[in-house]
Amino acid sequence: MIEAPKGTRDVLPDEIGRWQFVEECARETFERYAFREIRTPIFESTELFARGIGEGSDIVAKEMYTFHDRKGRSVTLRPENTAPVARAFIEHQMHRAPGLQRMYYIGPMFRYERPQKGRMRQFHQIGVEVFGSDHPAVDAETLEMLMAFLGRLGLDDAELALNSVGDPVCRPVYRKALLAYLEPRRDTLCEDCRRRMADNPLRCFDCKVEADRAVMARAPAITDYLCAACREHFGRVTEYLRAYGIRHRLDPRLVRGLDYYRRTSFEVTLQGLGAQNALLGGGRYDGLIKELGGPEVPGFGFAVGEERLVMSLPAAAAVSRGTPEIFIATVDERGVERALLVARALRRVGRRVVFDPLPDKSLRAQLRRANDLQVRFVLILGETEVRERAVTIKRMSDGSQETIAEDRVGARLAEMAGA
RNA sequence: GUGAGUGUAGCUCAGGUGGUAGAGCCCCGGGUUGUGGCCCCGGUUGUCGUGGGUUCGAGUCCCAUCACUCACCCCA
């Protein structure tokens, strides 16, 4: 049997309502803030991610789905979408448009990893990007939009953690200070942390080893090393958040894995997600456009893991949608032909009609099926009805039924449905 | 890439110490020769993940392999 590839899965019709609910909520919320959708290719030149995300990041180093096309070009299934959106921004000279550019996207991403709870090789992200301003109000307003979005989904226990990771002026200074603290303690740290010290000492803050956490708790905090400009920016962001009344936790140990982040960095965590408790992450990336060969344009954005979102949705949000309201039952071939015509007439006036051509099944079996589908009405087209050009309408809620002329069915159903 | 756990019916799972498979749900039919839900009666459903080995005999023991799950790494 051929099965879905490792790390991929089907979202079946029974579950799709939750996905559609989340996506509609996202579109509606984001568009209130003047964000517009952008759709970029699902694969890009490998170089885009190597330069955008950073050669040293785990994503680029070991998690990309990279292959060569028939002409030998190296292409990669996108592992994230900020770099592709930035690429599109540059390619289409969007900095020449007046004002800020605000975009959102919804779609699949790919990372070659061992699957576990909340982590798939093909997963989906809902994300937004704002280009063209480094004003802290952009950070604050986008965060406010994010929290509004989560609120509409009923995720009230989401926790926002916030930090500033500095910029190319102050981060190297902090890095040096952190290493100066860690070096004398190298021997007490775990193997992983010693490795982290070499490539990105800030990652030591993510360590889960108890002893290491104690060491890191007393480590210097990046917020004490920010340059004046970064400190000013971060201060303004938190002020705006206070003005909004948005609950958040300042976490000087919050570091993110992608190289392009500057200044504001944040994530939202939720209980119940398993070991992968980050629901989303984001931040400011003022150097990215330039790095990719574009003009000096600042940016800010975040990406939500849609699987993790759907997983965390309150049960009450499990809306079933578009279910049929009318079922047509027949008992012979003559009835089938009438059923096709009656169904078309009803659909033309907007009713959702299901007709399973099962005249060989007993009426009882067909009604059982109608009951499973939870339709409100069943139209019966038996021998008598066909002969008299009539239709029997059965109301499933109380079992009552009446037989009327076929050409009056639409009007009568409208009355009954309205009542 | 590393570690642990689990693979038996469409689904959820039972099957001490080896004797060639079971329940509930679902599905189908009937109780109602044209009427759902509840109830009752009857019925179908399996290469026991795969391949080897031990044995008179393997769902059960051994080895290998694959898949899934969870965790590490890292991240959404």
Side-chain angles (χ1 to χ4, degrees), chain A residues 1-9 12 14 53 56-64 78-82 105-127 190-193 195-196 199-200 203 206-209 254-258 266-270 273-282 301-312 327 329-332 335 358-386 392-401 403:
Chain A
M1 182 168 59
I2 300 175
E3 299 172 316
K6 190 188 193 75
T8 70
R9 71 177 196 115
L12 300 175
D14 281 346
I53 304 173
S57 69
D58 276 30
I59 291 178
V60 173
K62 57 183 195 188
E63 295 173 2
M64 295 210 298
R78 61 183 188 192
E80 58 98 56
N81 209 30
T82 295
Y105 59 84
I106 299 173
M109 309 293 157
F110 305 84
R111 291 182 201 172
Y112 191 90
E113 299 181 272
R114 284 282 279 270
Q116 69 184 73
K117 187 178 174 73
R119 178 199 290 164
M120 301 292 281
R121 288 185 173 178
Q122 174 175 338
F123 61 105
H124 298 78
Q125 287 189 332
I126 299 175
C190 72
E191 199 180 315
D192 284 333
C193 282
R195 181 177 48 73
R196 290 183 183 112
D199 48 67
N200 188 353
R203 291 275 179 70
D206 289 337
C207 190
K208 282 160 187 160
V209 178
L254 174 67
V255 293
R256 303 213 53 75
L258 284 59
F266 63 94
E267 69 180 26
V268 170
T269 53
L270 267 182
L273 281 176
Q276 313 301 320
N277 67 346
L279 177 64
L280 74 273
F302 63 77
V304 188
E306 197 172 356
E307 277 80 2
R308 295 179 186 181
L309 206 53
V310 168
M311 233 189 314
S312 313
F327 183 97
T330 55
V331 300
D332 58 23
L358 303 169
D360 295 338
K361 293 273 183 192
S362 65
L363 192 56
R364 170 189 213 204
Q366 294 185 64
L367 276 166
R368 214 175 359 236
R369 165 122 175 93
N371 193 60
D372 290 342
L373 290 171
Q374 298 185 56
V375 298
R376 291 182 68 193
F377 302 104
V378 172
L379 304 188
I380 300 170
L381 286 163
E383 290 175 29
T384 322
E385 288 88 348
V386 169
T392 294
I393 303 177
K394 181 183 180 75
R395 196 206 320 259
M396 295 300 275
S397 58
D398 60 5
S400 67
Q401 63 184 56
T403 302

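We use all heavy atoms of the structure for the numbers below, so side chains are in, but hydrogens, waters and symmetry mates are not. A note on names: the letters A, B, ... follow the listed sequences, proteins ahead of strands, and every chain is numbered from 1.
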Salt bridge (charged side-chain N to carboxylate O under 4.0 Å, His left out) involving [X] - partner list, sequence neighbours excluded:
| X | value |
| --- | --- |
| A:Arg121 | none |
| A:Arg9 | A:Glu15 |
| A:Asp398 | A:Arg395 |

Is the shortest side-chain N/O distance from [X] to OP1 or OP2 of [N] below 4.0 Å?
| X | N | answer |
| --- | --- | --- |
| A:Gln125 | B:A76 | no |
| A:Lys361 | B:G29 | yes |
| A:Gln366 | B:U35 | no |

Only Watson-Crick and G-U wobble pairs, only distances under 3.5 Å, only runs of 3 or more: what stems does that leave for RNA chain B?
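RNA chain B forms these stems: B:1-7 with B:66-72, B:10-13 with B:22-25, B:27-31 with B:39-43, B:49-53 with B:61-65.
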Of A:Ile59 and A:Tyr112, the one whose nearest nucleotide on RNA chain B sits closer to the 5' end is A:Tyr112
Which is true for [X] with a 4.0 Å heavy-atom rule: it touches a base, it touches only sugar-phosphate, or it touches nothing?
| X | answer |
| --- | --- |
| A:Lys6 | sugar-phosphate |
| A:Met120 | base |
| A:Glu306 | nothing |
| A:Ala370 | nothing |
| A:Ile380 | base |
| A:Gln374 | nothing |

Give me the distances for all protein-to-nucleotides 3-7 of chain B N/O pairs that come in under 3.5 Å?
from, atom 1, to, atom 2, distance (Å)
B:G3, O6, A:Arg114, NH2, 3.3

Side chains of A:Pro79 and A:Met109: does their closest heavy-atom pair fall under 4.5 Å?
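They are not in side-chain contact.
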Looking at [X] and [N], is any side-chain donor or acceptor paired with a base atom of the opposite kind under 3.5 Å?
| X | N | value |
| --- | --- | --- |
| A:Thr384 | B:G34 | yes |
| A:Glu63 | B:G1 | no |
| A:Arg111 | B:C74 | no |

Taking [atom1] from [X] and [atom2] from [N], how many angstroms apart are they, rounded to a whole number?
| X | N | atom1 | atom2 | value |
| --- | --- | --- | --- | --- |
| A:Leu381 | B:G34 | CG | P | 16 Å |
| A:Asp372 | B:U35 | CG | C1' | 15 Å |
| A:Leu363 | B:G31 | CG | P | 13 Å |

Kindly write out the residues that satisfy ring-ring contact (aromatic ring centres under 6.0 Å, His included) with A:Phe266, not counting sequence neighbours, or none if the list is empty.
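Applying ring-ring contact (aromatic ring centres under 6.0 Å, His included) to A:Phe266 gives A:Phe300.
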What string of B, S and - do you get for nucleotides 37-49 of chain B, 5' to 3', if B is base contact, S is sugar-phosphate-only contact and - is no contact with any protein heavy atom under 4.0 Å?
B------------
How far, in whole Å, is B:G19 from B:G57 if one measures between their P atoms?
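Comparing P positions in B:G57 and B:G19 gives a spacing of 15 Å.
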Would you measure the distance from the P atom in B:G24 across to the matching atom in B:C41 and give it in whole Å?
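Rounded to whole Å, the distance is 11 Å.
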Set of side chain to side chain donor-acceptor pair (under 3.5 Å) partners for [X], sequence neighbours left out:
| X | result |
| --- | --- |
| A:Arg114 | none |
| A:Thr269 | none |
| A:Glu63 | none |

Tell me every residue that passes side-chain contact (heavy atoms from CB on, under 4.5 Å) with A:Leu270, counting only those two or more places apart in sequence or in another chain.
A:Leu155, A:Asp157, A:Ala158, A:Leu273, A:Leu279, A:Ser312
Set out, line by line, the N/O atom pairs under 3.5 Å between protein and nucleotides 8-10 of chain B.
none

No-hydrogen, no-angle side-chain donor-acceptor test under 3.5 Å, A:Thr392 and A:Glu385:
yes
